[in-house]
K.L.:
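First the structure, which I've put down as structure tokens, then a few questions once you've had a look.
Chain identifiers are assigned alphabetically (A, B, ...) following the order of the sequence lines, protein sequences preceding nucleic acid strands; residue numbering begins at 1 within each chain. Bear in mind that the values here come from a model prediction, so they are computed numbers and not experimental data.
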Number of protein chains: 2
Amino acid sequence: MAAKRSGRSKRGINERLQPLQEPRSEPPLSRERIVATAVELLDAQGVDGLTMRRLADRLGSGVMSLYWHVDNKEDVFDLALDSVLEYRGPPQIAQDWRGEVVHVLEDWRASMLRHPWSATLLPRRALGPNILGRLELLSKTLSRAGVADADVNAAIWSLWNYVMGATITRASFDLSDDDRAAAQQRLTRLSERYPTIERSRLLLDNDWDGAFKNGLGFLLDGLSPK
Amino acid sequence: MAAKRSGRSKRGINERLQPLQEPRSEPPLSRERIVATAVELLDAQGVDGLTMRRLADRLGSGVMSLYWHVDNKEDVFDLALDSVLEYRGPPQIAQDWRGEVVHVLEDWRASMLRHPWSATLLPRRALGPNILGRLELLSKTLSRAGVADADVNAAIWSLWNYVMGATITRASFDLSDDDRAAAQQRLTRLSERYPTIERSRLLLDNDWDGAFKNGLGFLLDGLSPK
DNA sequence: ACGATGACTCGTGCGACGTACGAGTCATCG
DNA sequence: CGATGACTCGTACGTCGCACGAGTCATCGT
């Protein structure tokens, strides 16, 4: 019931009334500062690492002060997620449609991997303006490329599914070396039950970027207008 | 440091020592009973709905008794997840490879949608035997279909990504009608910013099953050996 | 027949968590 | 000068996972 979006509170006349009691006098709270700090915290500690108490600590404020600027913790997640998914456009003009689609999706994946918590968050929160912008761009590109109108939506969802699956998997699997060692041990121990994937070293391939590009190539082959 | 896997405790000789003090005398705790009840609870209340207290309540036991049979709460998730992802094989023998792949993946998706919490859990937990079995089967099928050895792993990860993305998205988006109404409202309010996806009604299509099959068709087209 | 052992259950307590509530502080304006 | 509204914050409540240690009971070696 609160949460103004308040650009900047205006004091300025009597700053001297703050007798520098704190060595580093924090700037006043604001939605932007909260969101930026939340992103920092999420990057550093993951989804479970973001608590309102820690967020307030980093901001040098009390916990309940945050609730003046945001509705609740879910709101913080939504704002942080959206702030991270901006698309700045292709590097130069005049690409072919495949190049453009690949660039949008690789940039999307890269943004989410830079903030791994965002990948697991995106599917379960509302679509913010930045994601809608990306979908709009994809839609226009595919249409212009000659994909039949009846196929465009299915094509977009295929691409969405592919990026989400790839990124969530990638972001979830780069845990500790212990886990990696344990997984390898388990697999070789069970190699007689899973001979094919053991032989092809399916679970040991670390070229995630290459696999992403190759698989996307397959999908675009299937999507190309005949 | 505990947690035997104990098939079944053997009493039997002197059951009469239990003087039916409880109208419904619960069977003793066991790993299987805990996992089955955890699945029930997860189905009913979702990931956040599973707490050790509620689980113990449903089992008619104390909270700490659970910790004799499982290591911790994560262990409960792992066991519940694995118990839900069994594959029973294709309905009849002798399908073409496309039919077999489609069946594995549709069954996979269906299993996860029957237990929506499993989709979001799978990518961030270790791969259990049932998932490995599915990957083994896919690997064999693709090889037999003539997919080049160098492409098989990329192909499998494409399929994995696609199923995971599709299922996680589907499982996360069937929330309340309020959300759906709010989303539609938001979209039409912003229709001038996103004209293409508004016109194609991208976000309003509810034929998830059809979209899954169509998109999978695109991907398999791209994977077919030339 | 008896004491030891181990399987299993459970109550209490600790330190987190999100956030409702209400009491503060302070600049601004009539 | 008194009121208003923007903003901050301390306290409190109910919930969570789980560590710890004290129980109960069947079984077995002697």
K.L.:
In whole angstrom, give the distance that lies between atom OH of Tyr67(A) and atom C1' of dA20(C).
P.N.:
10 Å
K.L.:
State, yes or no, whether a side-chain contact exists between Met112(A) and Arg170(A) at a heavy-atom distance under 4.5 Å.
P.N.:
no
K.L.:
Expressed in angstrom and rounded to an integer, what is the separation of Asp48(A) atom CG from dC17(C) atom P?
P.N.:
11 Å
K.L.:
Determine, stepwise, if the pair Val76(A) / Val35(A) fulfils side chain to side chain contact (heavy atoms under 4.5 Å, CB included).
P.N.:
CA-CA 7 Å; Val76(A) 177; Val35(A) 171; over 6 Å; no
K.L.:
Please check if the side chain of Asn130(B) supplies one atom and the backbone of Ser83(B) the other of a donor-acceptor pair under 3.5 Å.
P.N.:
no
K.L.:
Does Thr51(A) put a side-chain nitrogen or oxygen below 4.0 Å from OP1 or OP2 of dC17(C)?
P.N.:
yes
K.L.:
For the pair Leu127(B) and Leu203(A), evaluate side chain to side chain contact (heavy atoms under 4.5 Å, CB included) and give the outcome as yes or no after the intermediate values.
P.N.:
CA-CA 10 Å; Leu127(B) 299 181; Leu203(A) 301 179; 3.9 Å; yes
K.L.:
Figure out the CG/P separation between Leu66(A) and dG18(C), and round it to whole Å.
P.N.:
10 Å
K.L.:
I'd like to know whether Trp117(A) forms a side chain to side chain contact (heavy atoms under 4.5 Å, CB included) with Leu50(A), so could you lay out the CA-CA distance, the side-chain angles of the two residues, the decisive distance to 0.1 Å, and finally the verdict.
P.N.:
CA-CA 11 Å; Trp117(A) 46 273; Leu50(A) 175 65; over 6 Å; no
K.L.:
Mind checking if Leu50(B) touches a base, just sugar-phosphate, or nothing, with heavy atoms under 4.0 Å?
P.N.:
sugar-phosphate
K.L.:
What is the pairing partner of dG30(C), taking Watson-Crick or G-U wobble pairs with both distances under 3.5 Å in any strand?
P.N.:
dC1(D)
K.L.:
Rounded to whole angstroms, how far apart are CZ on Phe77(A) and C1' on dG18(C)?
P.N.:
12 Å
K.L.:
Hunt down the Watson-Crick or G-U wobble partner of dA26(D), both distances under 3.5 Å, from any strand shown, or write none.
P.N.:
dT5(C)
K.L.:
Which base, if any, makes a Watson-Crick or G-U wobble pair with dA20(C), both distances under 3.5 Å?
P.N.:
dT11(D)
K.L.:
Base, sugar-phosphate or nothing for Met52(B)? Non-hydrogen atoms, less than 4.0 Å.
P.N.:
sugar-phosphate
K.L.:
Closest nucleotide of DNA chain C for Asn72(A) versus for Ser65(B): which of these residues is on the 5' side?
P.N.:
Ser65(B)
K.L.:
With a 4.0 Å cutoff (strictly under), does any side-chain N or O of Arg53(A) reach OP1 or OP2 of dA16(C)?
P.N.:
no
K.L.:
Nearest whole angstrom, please: distance from the P of dT15(D) to the NZ of Lys73(B).
P.N.:
15 Å
K.L.:
Would you say dT8(D) has OP1 or OP2 under 4.0 Å from some side-chain N or O of Trp68(A)?
P.N.:
no
K.L.:
According to a strict under-4.0 Å criterion, is His69(B) in side-chain N/O contact with OP1 or OP2 of dA7(C)?
P.N.:
no
